[in-house]
Amino acid sequence: MSAIFPKWTNRLPMMIIVGVLLVGTAVTAGVWYYFTPKYTRVGYQPIQPVPFSHATHAGQLGLDCRYCHTGVEKSWFSNIPAASTCMNCHNQVLKDDPRLTLVRESAASGKPIPWVQVHKVPDFVYFNHSVHVNRGISCVECHGPVDQMEEVYHAKPLSMAFCLECHRHPETKVRPLDKITDLNWRPESEAAQLEFGRRAREEWRVEALQNCSACHR
Amino acid sequence: MRYFLVLFGITVLAVMGIAGRRLDDGGGTTRKPPIYVFPDMDRQLKLRPQEPNAFFPNGVSSQLPPPGTIARSEPLRVGDEAFYRYQDVPVFTGFVSGTTNFVEHNPIPVTAQVMQRGQERYAIHCAPCHGAVGDGNGITRKIGAMPVVGNLHEKRIVSMADGELFYVITHGRNLMGAYGPNIPPEDRWAIIWYVRALQRSRLGTLDDVPQELRASLNP
């Protein structure tokens, strides 16, 4: 009688188990690695309508972030400057440069420059710049080394895990209020940072906010 | 089994090849917009500031107030008095009320706090052009990008009324742009206090130095 199940089928269950394990591991690893904001957002660097460079303006010229992003200490969102703010300098600097055509037109007509927004939390998240900036959290914690970027890119994941990591231990990140926009500032040592952080937390009454309604209200 | 393993290997390599690595893992930046894995309620029908918006004819969500309207908003407190933004008072206009004459003196009393605020705001908004000491040698002049910058130690500017300085900051003058939209009035007055302090630092004499500190000066 010929075999209905040839001999190799004895190995079939083993093969299926190995195969499922392999595929399962690969899919898990793939989701783990690729389905988080660390991959889906970080590195996003859109082409902007004007080749504006933070490395030139904030890095080399040393302009303070608040020269342009004036609302960042007062309001929940950080404004992109109006074209007239650029024209304060560019009415003399690179007066006829073709790269700045759009800026000149915008300043004359009042029609905004269509900058592409890079950082954007979902609409169900409540975020507030002034609360962070006035409690000694620097731009660099959430935006990376903007003063070295020729074009802004998404440097930090801005995921819930990322926000909570700091909210659990704000004393590791708070810094003196006059160093908020100094992106290259480093604490003298880890111990000095912790010591300052603990003191600042007490003085400014910084809470470690982890309840859901802080960010989802 | 061999075919399965080969296929598996090729798939894994293909996925990794196409998807690349994370940025913090040595991957590069990308022009592609973020991927939303679960886009459920990420974007809702609400206005966000400074976004394009089809509802208004000019297509922007952050509308300017209609011409001629003035925000009522919070009053500005100076000492015991409270001023509202629609009032014609020196704090908001730099003019003596009801006239177009510049007020002679800064309407906000000076304190150590105001002076510090002025110093900080001066460093942010004025120092790039006028320089840290106000002599017009800011970074834009130094690199030769900006030929004309005012020197705040000029006699004409030293003898200006405080109200005129306020007017220059608010509306700009000649080649200098208007800073009214960027700096709130109380900060403009704080900056003026600091500019006056800078000017004084060049015009001071030995008589201005308190008696007990004179010994510490090296002539």
Side-chain angles (χ1 to χ4, degrees), chain A residues 11 15 18-19 22-23 26 30 33-47 60-68 70-71 74-77 79-82 84-85 87-89 91-94 110-112 114-117 120-124 151 153-155 157 178 181, chain B residues 1 4-5 8 11-12 15-16 19-25 27-37 39-46 48-52 58-60 62 64 120-121 123-125 127-129 139-140 143 145-149 172 175-179 181-184:
Chain A
R11 300 207 314 274
M15 278 168 156
V18 169
L22 264 181
V23 173
Y33 191 79
Y34 286 126
F35 280 37
T36 73
K38 281 191 186 143
Y39 175 76
T40 57
R41 308 192 181 132
V42 172
Y44 175 44
Q45 185 178 40
I47 297 176
Q60 287 170 22
L61 295 178
L63 290 183
D64 193 288
C65 311
R66 292 165 290 182
Y67 180 90
C68 291
T70 48
K74 288 175 294 206
S75 115
W76 72 264
F77 87 102
N79 62 305
I80 301 293
S84 62
T85 305
M87 290 311 285
N88 285 338
C89 287
N91 61 358
Q92 289 194 60
V93 184
L94 303 179
K111 201 169 170 301
W115 301 109
V116 183
Q117 188 167 0
K120 205 174 190 180
V121 289
D123 285 352
F124 54 76
E151 294 171 80
Y153 59 83
H154 208 306
D178 54 344
T181 53
Chain B
M1 190 77 195
F4 168 76
L5 283 179
F8 177 78
T11 317
V12 167
V15 167
M16 281 167 66
R21 280 177 292 171
R22 290 174 179 173
L23 181 69
D24 60 2
D25 224 13
T29 57
T30 166
R31 301 293 189 191
K32 279 182 288 198
I35 305 155
Y36 289 96
V37 181
D40 310 331
M41 291 170 71
D42 283 4
R43 297 292 158 238
Q44 302 163 12
L45 281 173
K46 66 179 180 189
R48 293 162 62 95
Q50 297 196 320
E51 270 200 345
N58 62 357
V60 294
S62 302
L64 295 172
E120 187 194 42
R121 296 294 125 172
I124 295 173
H125 290 287
C129 297
I139 179 78
T140 46
I143 63 168
M146 213 166 174
V148 188
V149 181
L175 281 172
M176 174 164 150
Y179 281 78
N182 291 8
I183 315 176

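Below, chains carry the letters A, B, ... as their sequence lines are ordered, and counting in each starts from 1. Owing to the predicted nature of the structure, the values given are computational and were not obtained by experimental measurement.
Considering all non-hydrogen atoms of both residues, A:C89 and B:T140 come closest at SG-CG2, 4.5 Å. The two residues A:P46 and B:R31 come nearest to each other via the heavy atoms O-NH1, 3.4 Å. Scanning all heavy atoms of the two residues, the minimum distance from A:N88 to B:G177 falls at OD1-CA, 3.2 Å. Closest non-hydrogen pair, A:R66 versus B:H125, comes out as O-CE1, 3.7 Å.
Other residues, nucleotides and ligands contribute only 12 or fewer heavy atoms inside 6.0 Å of the CE atom of B:M16. At most 12 non-hydrogen atoms from other residues, nucleotides or ligands lie less than 6.0 angstrom from CZ of A:R11.
In this structure, chain B has a heavy atom under 4.5 Å from the side chain of A:P112, while its backbone stays farther away. With a 4.5 Å cut-off on non-hydrogen atoms, A:T36 touches chain B through its side chain but not through its backbone. Contact annotation for A:W76: only side-chain heavy atoms (C-beta onward) come within less than 4.5 Å of a heavy atom of chain B. Within the 4.5 angstrom heavy-atom criterion, atoms from both the backbone and the side chain of A:N79 approach chain B. Using a 4.5 Å cut-off between heavy atoms, B:R21 contacts chain A through both its backbone and its side chain. With a 4.5 angstrom heavy-atom cutoff, B:P184 touches chain A only via side-chain atoms. Looking at A:T40, both its backbone and its side chain come within 4.5 Å of chain B, counting heavy atoms on both sides. With a 4.5 angstrom heavy-atom cutoff, B:I183 does not touch chain A via any of its atoms. With a 4.5 angstrom heavy-atom cutoff, B:P181 does not touch chain A via any of its atoms. Heavy atoms closer than 4.5 Å to chain B are found in both the backbone and the side chain of A:I80. Interface remark: B:Q44 contributes backbone and side-chain atoms alike to the contact with chain A (heavy atom separation under 4.5 Å). Using a 4.5 Å cut-off between heavy atoms, B:N182 touches chain A through backbone and side chain atoms alike. Using a 4.5 Å cut-off between heavy atoms, B:A123 does not touch chain A at all. In this structure, no portion of B:L64 lies under 4.5 Å from any heavy atom of chain A.
Contact check for B:P34 versus A:K120: no side-chain heavy atoms found under the 4.5 Å cut-off. You'll find the side chain of B:P147 reaches within 4.5 Å of the side chain of A:Q92, heavy atoms only. Residues B:T29 and A:Y44 have side chains not in contact (no heavy-atom distance under 4.5 Å, counting atoms from C-beta outward).
Here the OG1-CD1 distance, from A:T70 to B:I124, works out to 10.0 Å after rounding to the nearest 0.5 Å.
Among residues two or more places apart in sequence or in another chain, the ring-ring contact (aromatic ring centres under 6.0 Å, His included) test is passed with A:Y34 by A:Y39. For B:R43, the salt bridge (Lys or Arg N to Asp or Glu O under 4.0 Å) partners two or more places apart in sequence, or in a different chain, are A:D123.
Between chain B and the options A:Y33, A:F35, A:Y67, A:F77, heavy-atom pairs under 4.5 Å are most frequent for A:Y33. Note on B:T11, B:L175, B:V12: by heavy-atom pairs under 4.5 Å with chain A, the leading option is B:L175. Chosen from A:V121, A:V18, A:V116, the residue pairing most often with chain B at heavy-atom distances under 4.5 Å is A:V121. Comparing A:N91, A:L22, A:L63, A:V42 by how many heavy-atom pairs each has under 4.5 Å with chain B, the most go to A:L22. Considering only heavy-atom pairs separated by less than 4.5 Å from chain B, the leading option among A:R41, A:K38, A:K111 is A:K38.
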